[in-house]
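The figures here come from the full heavy-atom set of this structure, side chains too, leaving out hydrogens, waters and symmetry mates.
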Amino acid sequence: MLAALAWLGTSQTAVAAPEATEHELHTAQCVAALETNTEDLAAQVKAGRADLQPELLSRLKYGAAFIGDAYLQGERDEAHAQALLKAALAAQNALSAAELFARQSECATEGGHLLAKADFLSRALVSHVAQRRMKKLLEG
């Protein structure tokens with residue numbers, strides 16, 4: 001699962017999405033939406049809103065749950081996943097604020113469901129990855 005973890009920054013240029021299944025595209029869109037959400041939350045936490053730290057951790061867990069689910073379904077080509085994520089990040093720049101918020105909310109709900117149905121070991125791994133990512137976001 002860790003090899004599939006594809007956390008990239010936002011891109012300012014449009015990127016053509018490589019050939020992908022519907023599931024891969026949906027996963028990339030949700031990881032991108034949640035990544036943008038976590039960056040915003042991290043900035044707010046760093047600015048003094050410590051009360052948002054639990055929400056930040058939850059969003060990071062939901063993004064990691066999507067990645068773990070994709071990995072468990074056999075989607076293990078990291079370069080392909082990163083290319084899809086980069087394209088999804090670029091494509092979401094065309095969304096209105098309301099559309100992006102709706103996607104972030106829907107993906108958070110779905111990520112929560114993925115996490116809830118995961119086994120204990122997978123949940124522990126997702127939690128560890130999310131905590132490491134949060135530490136990196138808040139220290140950087």
Side-chain angles (χ1 to χ4, degrees):
M1 178 182 345
L2 293 176
L5 206 51
W7 296 103
L8 298 177
T10 59
S11 170
Q12 297 301 319
T13 58
V15 179
E19 290 288 323
T21 66
E22 192 172 318
H23 183 264
E24 289 172 325
L25 291 174
H26 178 70
T27 296
Q29 289 171 343
C30 280
V31 171
L34 292 169
E35 175 69 10
T36 301
N37 188 223
T38 60
E39 289 169 356
D40 293 341
L41 287 167
Q44 292 178 58
V45 170
K46 287 167 71 171
R49 294 283 316 270
D51 60 305
L52 294 176
Q53 201 163 344
E55 183 179 353
L56 172 60
L57 183 59
S58 291
R59 295 297 168 118
L60 288 166
K61 286 180 182 179
Y62 301 155
F66 272 100
I67 294 165
D69 181 65
Y71 182 83
L72 291 174
Q73 291 195 30
E75 299 165 16
R76 295 189 174 106
D77 182 345
E78 185 177 0
H80 182 66
Q82 288 179 349
L84 289 173
L85 179 57
K86 191 172 185 177
L89 284 164
Q92 79 183 10
N93 289 331
L95 298 177
S96 69
E99 291 169 324
L100 180 58
F101 179 78
R103 180 176 289 174
Q104 289 168 334
S105 296
E106 291 166 6
C107 291
T109 299
E110 187 177 347
H113 291 303
L114 290 172
L115 193 56
K117 73 178 188 176
D119 62 43
F120 174 78
L121 185 57
S122 295
R123 284 193 309 272
L125 183 56
V126 162
S127 182
H128 176 72
V129 168
Q131 288 173 7
R132 276 194 13 212
R133 178 70 176 144
M134 184 167 72
K135 183 177 179 183
K136 184 176 178 181
L137 283 170
L138 296 180
E139 290 176 353

Which residue pairs satisfy the side-chain hydrogen bond (donor to acceptor under 3.5 Å, both in side chains) criterion with at least one member in residues 105-114, sequence neighbours excluded? H26-E110

Taking side chain as C-beta onward, heavy atoms only, is T36 less than 4.5 Å from D40? yes

So OG of S122 and CG of L114: to nearest 0.5 Å the spacing works out to 11.0 Å

Is there side-chain contact between L100 and Q104, with at least one heavy-atom pair below 4.5 Å? yes

L84 side, atom CG; H80 side, atom NE2 - distance, nearest 0.5 Å: 4.0 Å

If you define the side chain from C-beta out and look only at heavy atoms, does anything of Q82 sit under 4.5 Å from K86? no

Salt-bridge test for E55 and R49: reply yes if a basic N is under 4.0 Å from a carboxylate O, no otherwise. no

Here's a test for you: under side chain to side chain contact (heavy atoms under 4.5 Å, CB included), which of V126, T38, L34, V129 qualifies with L60? T38

Side-chain heavy atoms nearer than 4.5 Å, only ILVMFWY residues, links allowed to pass through others: does that put L52 and L138 together? yes

Per side-chain hydrogen bond (donor to acceptor under 3.5 Å, both in side chains), E35 is matched among R133, Q92, R59 by R133

If hydrophobic clusters are built by linking Ile, Leu, Val, Met, Phe, Trp and Tyr wherever their side-chain heavy atoms come under 4.5 Å apart, do L89 and L95 end up in the same one? no

Where do L85 and A28 come nearest, in terms of heavy atoms and distance? CD1-O, 3.8 Å

Distance, nearest 0.5 Å, that separates CZ of F66 from CG of L115: 11.0 Å

What residues form a side-chain hydrogen bond (donor to acceptor under 3.5 Å, both in side chains) with R123, not counting sequence neighbours? none

Side chains of V45 and L137, heavy atoms from C-beta outward: is any pair under 4.5 Å? no

Which residues satisfy the side chain to side chain contact (heavy atoms under 4.5 Å, CB included) test with A70, sequence neighbours excluded? H23, T27, E75

Would the number of heavy atoms belonging to other residues, nucleotides or ligands and lying under 6.0 Å from NZ of K117 be above 12? no

NZ-CD distance between K46 and E139, expressed to the nearest 0.5 angstrom: 9.5 Å

